[in-house]
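Some notes on the structure that comes next.
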Amino acid sequence: MVGLDPLTEQPGNRMRVFLDFEKAVADLEGKIEVLRHLSTDGDINIVEEVGKLQSKVERQLKNTYQKLSPWQKVQVARHPNRPHFRDVVGNLVSEFTPLAGDRNFGEDKAIVGGIGRFRGFSAVIIGTEKGSSTQERIETNFGMAKPEGYRKARRLMELAERFRLPVLTFIDTAGAYPGIDAEERGQAEAIARSIETCLGLTVPIISTIIGEGGSGGAVALAAADRVLMLEHSIYSVISPEGCASILWRSGEHAKDAAEALRLTAQDLKKMDIIDEIIPEPLGAAHRSRDVALASLGDAVEKALRELVAIDANSLRSRRRDKFLAISKNGSS
Amino acid sequence: MNWITNSVLPKIKALVQPREVPDNFWTKCSNCDEMVFHRQLEQNFQVCSHCDHHMGMDPDARLAMLFDDGQCTKIELPKQTVVDPLKFRDRKRYSDRLKEAQAKTGADDAIMIAHGDLGGMPAVAAVFSFAFMGGSMGVAVGDALLRAAELAVAQKAALIVFPSSGGARMQEGILSLMQMPRTVIATQIVKEADLPYFVVLTNPTTGGVTASFAMLGDIHLAEPGAIIGFAGKRVIEETIREKLPEGFQRAEYLLEHGMVDMVVRRHDLRATLIRLLGLINKPRPTAEVVTMVQPGLEIPAVDKSSSDAGADQPSKT
């Protein structure tokens, strides 16, 4: 029984985190936990009760996750247990060989990149990494890249172009780092060049937003042939908090801003900004990470198989036309 | 609201109240607090005569000082089929904010496109209007830049962009973010046609505008003192919880850090652009030209069309 239980699929060392609106689920699971401790000898009544509670949990999750508000989606997208880029690589890429440095200034751990094999295809794989422990979060600067990160990404995309390898990017960042050193070294230029490089590639580039797609720091790696989004991820020109503090003059209106910005995968698909929504398992990716990652892999593989069949030059001009056409579909 | 409050009362008030001295005769320099007379300011390209502070400039004045004899042809901006795609509303509706900005500036959006001659060479200029919602970039601005790029290619002209913008227009959400790749494509269109693409960074140029077309010029010129950067000052201060150093993100700071080619006083801008364009457009010695030069094609000498001061000192501030 335990082996099939999606709730125990989580590695033991990861602390369970419940969001505000998951309180009902948390309560039910607390009860299940208590009953389990009571049942040492497989008491029939208790097993039955646990089963009932579990189907309640499922119903509760289904209800909650079917009608998440944009602000709730923001919280899910930032959930600490949500799979990060490192998990994507760990689950879907073999022989991953990280490549470091921008050959100019330094190595930025907020953007990880390298060559690896994805479902049989050699590919250049680049992603923003937020880190999972405090130590990692400091090392990766909470996933906020500096110019050298974008310059490394650009270098790796050029490497992909040279060896005719597809580029897969995975995005999960609050945005590019706003700091003195980043400005000094030309954050804006680094992002602009990265976008330019994406658009100039004659090999396929597929970008997937797996958590937060924060502004320029995200689009720097997402000017792609296909842009996919996990069901509960977000993609926005500015964080809801930032938007609220500018337009409402108060960060407390983040909820309103989240709604106004139309940052959910569902809204963006409706506007034809993204190509596909990748479904997440019941209760979102943070509950069943492996299931989420497998469905992510399938979606990326499908897109990749379609794109490798297209010849190099029309790939580039199609990509360009796609972005040029975007605003024409701007109705909601 | 009725016709009395709307039209009668203001008229009565206007009759009763003493006519104030129009305060726009004098402008207080935001840098040195000195008062500058409007005519003097106009003649000096909106540069303070006391401290050389470069004030904001409206797009019309910018175009007039740029092209030969102040002559250029403005083109209409591409019509927008959807005006407020997200039906965005904060404390105000975006559609109302747009209308206000349009009424205030008389322009459709935050950019103006014109073409004309620069030292006899064809050029397309795209000038941002900071007065229009902070020069923010939404679909209309992105479309306009693409139109400018196509126009430059059609006319075999240089493209010169004068950004002055707080960045992406939040009220257009993701669509404003998408203008980053779209405007990068505009720069690629010009470069693929082997035409020069220059950027003249004016105060302020930040956010998504800097992080896209504005940092991809063949040559970057910047006006003295202009704020140029990715993240806004307040965001950086909140992130690092420190005061920023003096001169941070100013044009001179960017020059020092290798992000712009030169800082050019407004008085010298036209001459500098003409010199650069001439060097790029006419790469061979003129002595080798043996065929008759067609009348009207010869370019007047550079120093004739520019102010005599400073043409040789492009980076003096």
Ranking B:Glu237, B:Gln249, B:Lys92, B:Gln80 by heavy-atom pairs under 4.5 Å to chain A gives rank one to B:Gln249

In terms of heavy-atom contacts, B:Gly229 and A:Glu183 come closest through CA-OE1, 3.4 Å

Give, as side chain, backbone, both or neither, the part of A:Ser215 having an atom under 4.5 angstrom from any heavy atom of chain B. both

Against chain A, label B:Lys191 side chain, backbone, both or neither, depending on which of its atoms sit under 4.5 Å from a heavy atom there. side chain

From A:Arg320 CZ over to B:Arg182 CZ, what is the distance, rounded to the nearest 0.5 angstrom? 12.5 Å

Side chain, backbone, both or neither: which part of A:Leu263 has an atom under 4.5 Å from a heavy atom of chain B? neither

Calculate, to the nearest 0.5 Å, the distance between atoms CD1 and CG belonging to B:Ile189 and A:Leu324 respectively. 6.0 Å

Within the structure provided, determine whether A:Phe323 and B:Val184 are in side-chain contact (heavy-atom separation under 4.5 Å). no

For A:Arg162, is the CZ atom crowded, meaning more than 12 foreign heavy atoms sit under 6.0 Å from it? no

Name the region of B:Arg89, side chain, backbone, both or neither, that has any atom closer than 4.5 Å to a heavy atom of chain A. backbone

Just checking B:Glu76: does its CD atom have more than 12 heavy atoms from other residues, nucleotides or ligands closer to it than 6.0 angstrom? no

Whatever's closer than 4.5 Å to a heavy atom in chain A on B:Leu216 counts as both

Measure across A:Arg262 and B:Leu86 and return the closest heavy-atom pair with its distance rounded to 0.1 Å. NH2-O, 3.0 Å

Within the 4.5 Å heavy-atom criterion, are B:Leu254 and A:Glu189 side-chain neighbours or not? no

So, taking the atom named CG in B:Leu175 and the one named CG in A:Leu268, what distance separates them when rounded to the nearest 0.5 Å? 9.0 Å

What part of B:Met170 gets closer than 4.5 Å to chain A, counting heavy atoms only: side chain, backbone, both or neither? both

Find the distance between CD1 (B:Ile185) and CD (A:Glu196) and round it off to the nearest 0.5 Å. 11.0 Å

Could you tell me which portion of A:Arg185 (side chain, backbone, both or neither) has an atom closer than 4.5 angstrom to a non-hydrogen atom of chain B? backbone

Using distance only, find each side-chain donor-acceptor pair of residues 166-178 of chain A under 3.5 Å and give its atom names and separation, not counting sequence neighbours.
unit_1: A:Thr169; atom_1: OG1; unit_2: A:Ser207; atom_2: OG; d: 2.8
unit_1: A:Thr169; atom_1: OG1; unit_2: A:Leu221; atom_2: O; d: 2.9
unit_1: A:Asp172; atom_1: OD1; unit_2: A:Lys130; atom_2: NZ; d: 3.2
unit_1: A:Asp172; atom_1: OD1; unit_2: A:Glu212; atom_2: N; d: 2.9
unit_1: A:Thr173; atom_1: OG1; unit_2: A:Gly143; atom_2: O; d: 2.7
unit_1: A:Thr173; atom_1: OG1; unit_2: A:Gly175; atom_2: N; d: 3.0
unit_1: A:Thr173; atom_1: OG1; unit_2: A:Gly175; atom_2: O; d: 3.1

List the atom of B:Ala168, the atom of A:Val237, and the distance in Å for their closest heavy-atom pair. CB-CG2, 3.5 Å

Over all atoms of both residues, closest heavy-atom pair of B:Gln188 and A:Gly200: NE2-N, 4.1 Å

Report which part of B:Thr210 has an atom under 4.5 Å of a heavy atom belonging to chain A: side chain, backbone, both, or neither. both

Sort B:Arg169 into side chain, backbone, both or neither according to what part of it lies under 4.5 angstrom from a heavy atom of chain A. neither

Structural part of A:Leu199 lying under 4.5 Å from a heavy atom of chain B: both

To the nearest 0.5 Å, what is the distance between CE on B:Met259 and CD on A:Gln187? 10.0 Å

At their closest point, which heavy atom of A:Tyr235 faces which heavy atom of B:Leu177, and how far apart are they? CE1-CD2, 3.7 Å

Listing request: all salt bridge (Lys or Arg N to Asp or Glu O under 4.0 Å) pairs with a residue in residues 247-260 of chain A, at least two apart in sequence or in separate chains. none

Which answer fits A:Ile180, side chain, backbone, both or neither, if we ask what part of it has an atom under 4.5 Å from a heavy atom of chain B? both

Taking side chain as C-beta onward, heavy atoms only, is A:Leu247 less than 4.5 Å from B:Gln171? yes

Examine whether an atom of B:Gln179 lies under 4.5 Å from a heavy atom of chain A, and if so say whether it belongs to the side chain, the backbone or both; otherwise answer neither. side chain

A:Ala223 portion near chain B, given a 4.5 angstrom heavy-atom threshold: side chain

Side chain, backbone, both or neither of B:Tyr253 within contact of chain A (heavy atoms, under 4.5 Å): side chain

Heavy-atom pair with the smallest gap, counting every atom of B:Phe88 and A:Cys243: CZ-SG, 4.2 Å

